Amino acid sequence: MFVPDLLQGKRILITGGGTGLGKSMARRFLELGARVAICGRREDVLEETARELAAETTDKTGGAVAWKGLDIRDAEAVERGVGEFWAGGPIDVLVNNAAGNFLARTETLSHRAVDSVLGIVLHGSAYMTLACGRRWIADGRPGTVLSMITTYAWTGSAYVVPSAMGKAGVLALTRSLAVEWGPKGIRLNAIAPGPFPTKGAWDRLVPEGQADLWESRNPLGRVGEHRELTNLAAYMVSDQAGFMNGEVVTLDGGEWLAGAGQFNWASQLSEEDWAAMAPGKKGKG
Ligand code: HXC
């Protein structure tokens with residue numbers, strides 16, 4: 001879909017890059033010529049992912065993908081870690097991908113459960129964005145931030161309340177800084193993915209044996225393919241999207257609108273129901 005050097009020369013740092021969507025984005029960015037750095041909490045996972053991706057894309061990477069163990073909930077560790085990544089050459093793009101979430105009845109949550117999710121999603125994304133933004137501004141360099149949010153950042157959602165609070169905050173961060181930092185050449189955008197199956201999310205969010213509920217409730221009758229998301233992300237972080245700033249692009253097959261439209265229930269009506277609704281039929285019972 002893209003010219004193979006779309007991201008040539010770009011250095012892209014992806015939080016939560018060892019698994020799931022972060023790993024898929026890392027792979028796609030590498031294919032398109034970027035140099036990629038990944039961070040996450042588990043060093044063994046990062047090391048294995050870096051090795052695997054470098055081997056797959058060795059013609060682009062020369063066999064190297066940078067990685068670092070980093071818990072983005074820890075502001076000092078973020079400052080240190082981003083400084084160390086930067087020492088290998090300035091980062092051009094930050095992808096706030098790391099997230100924490102689980103399905104739970106909200107009244108059962110401990111304060112540690114709330115803090116745990118908000119620490120990753122809201123605070124972690126803010127720390128990472130500030131650590132990169134300060135450096136871009138100090139060096140007079142342009143930069144781009146792409147954050148993974150969700151459609152419930154604006155609708156809210158039952159049973160994932162800390163995540164909804166955190167993602168709403170990241171959307172506010174994105175839109176606020178798009179204006180504040182736009183004049184400095186820094187673009188901030190977000191993607192709101194619908195269901196793109198990953199082990200991390202599905203283990204925590206989908207009850208056993210109920211994975212197909214995602215297909216049945218989606219207007220397109222399926223879940224997303226990682227490639228569909230990674231191609232959008234590649235475009236949004238590339239210079240081709242240079243005028244996109246403060247935007248959130250929904251990529252969910254129409255899922256959230258299906259839950260929102262007042263008359264969407266009418267897709268359940270039978271042929272007989274429609275026949276009964278035909279002009280002149282109603283009320284002649
Ligand atoms: C209730 C829970 C819980 C659950 C954890 N807690 N899981 N409470 N129900 N299912 C509570 C714990 O009991 C503890 O509180 C507190 O949360 C912290 O839990 P820990 O396991 O000690 O924390 P930690 O090891 O740091 O793990 C963080 C985590 C975990 C957020 C809880 O789920 C995680 O690491 N997630 C990362 C990956 C992830 O979530 N990916 C999915 C993102 S999907 P107490 O009081 O007992 O100490 C996404 C978008 C969704 O964001 C869109 C889908 C379509």
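Here the structure is a predicted model, which means the values were calculated and not measured. Just follow the structure's listing: the first ligand is 1, and inside any ligand the first atom is 1. We're numbering straight along the sequence, starting at 1.
With hydrogens left out, the protein atom closest to atom 47 (O) of ligand 1 is S110 OG, 4.5 Å, a heavy atom. R204 NE, 3.6 Å is the protein heavy atom nearest to atom 30 (C) of ligand 1. Looking at atom 49 (C) of ligand 1, its nearest protein heavy atom turns out to be N101 ND2, 3.6 Å. In this structure, the protein non-hydrogen atom closest to atom 45 (P) of ligand 1 is R112 NE, 3.4 Å. Scanning the protein for heavy atoms near atom 29 (C) of ligand 1, the closest one is S116 OG, 3.8 Å. In this structure, atom 42 (C) of ligand 1 lies nearest to the protein heavy atom A201 CA, 3.6 Å. Counting only heavy atoms of the protein, atom 54 (C) of ligand 1 lies nearest to L205 CD1, 4.0 Å. Of the protein's heavy atoms, F102 CE1, 3.5 Å lies nearest to atom 1 (C) of ligand 1.
Atom 12 (C) of ligand 1 lies below 4.0 Å from none of the non-hydrogen atoms of the protein. The presence of a protein heavy atom under 4.0 Å from atom 33 (O) of ligand 1 is confirmed. Distance remark: protein heavy atom present below 4.0 angstrom from atom 6 (N) of ligand 1. Distance check on atom 17 (O) of ligand 1: some protein heavy atom falls below the 4.0 Å cut-off.
Using a 4.0 Å cut-off to heavy atoms of Y152, the atoms of ligand 1 that qualify are 50 (C), 51 (C). Taking every non-hydrogen atom of A113 and a distance limit under 4.0 Å, the qualifying atoms of ligand 1 come out as 11 (C), 15 (O), 16 (C), 17 (O).
Pairing each heavy atom of V36 with each of V65, the nearest pair is O-CG1, 3.5 Å. The shortest non-hydrogen separation linking G18 to K23 is O-CD, 3.7 Å. Here the closest heavy-atom approach between residue T155 and residue W256 is recorded as CG2-CE3, 3.5 Å. Nearest heavy atoms, Y127 versus R73: CE1-O, 3.5 Å.
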After noting the C-alpha distance and the side-chain angles of E255 and R217, does the key distance pass the salt bridge (charged side-chain N to carboxylate O under 4.0 Å, His left out) rule? CA-CA 7 Å; E255 178 193 63; R217 65 200 288 271; 2.7 Å; yes

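In this structure, the side chains of I191 and M25 stay at 4.5 Å or more apart for every pair of heavy atoms.
Here R73 has side-chain heavy atoms under 4.0 Å from ligand 1, and that is the only part of it that gets that close. At a heavy-atom cutoff of 4.0 Å, ligand 1 is contacted by both the backbone and the side chain of A99.
The closest approach between R41 and ligand 1 falls below 4.0 Å for a heavy atom of the residue.
Side-chain N/O atoms of R204 and N101 include no donor and acceptor closer than 3.5 Å.
Looking at N264, its side chain does come within 3.5 Å of a backbone N or O of L257 through a donor-acceptor pair. Side-chain atoms of N245 come within 3.5 Å of backbone N or O of A178 as a donor-acceptor pair. A donor-acceptor contact shorter than 3.5 Å is absent between the side chain of S116 and the backbone of A113.
Among V206, T150, D252, T151, the residue whose heavy atom lies closest to atom 53 (C) of ligand 1 is T150.
Pairs engaging residues 170-199 under the salt bridge (Lys or Arg N to Asp or Glu O under 4.0 Å) rule: K199-D203 [sequence neighbours left out].
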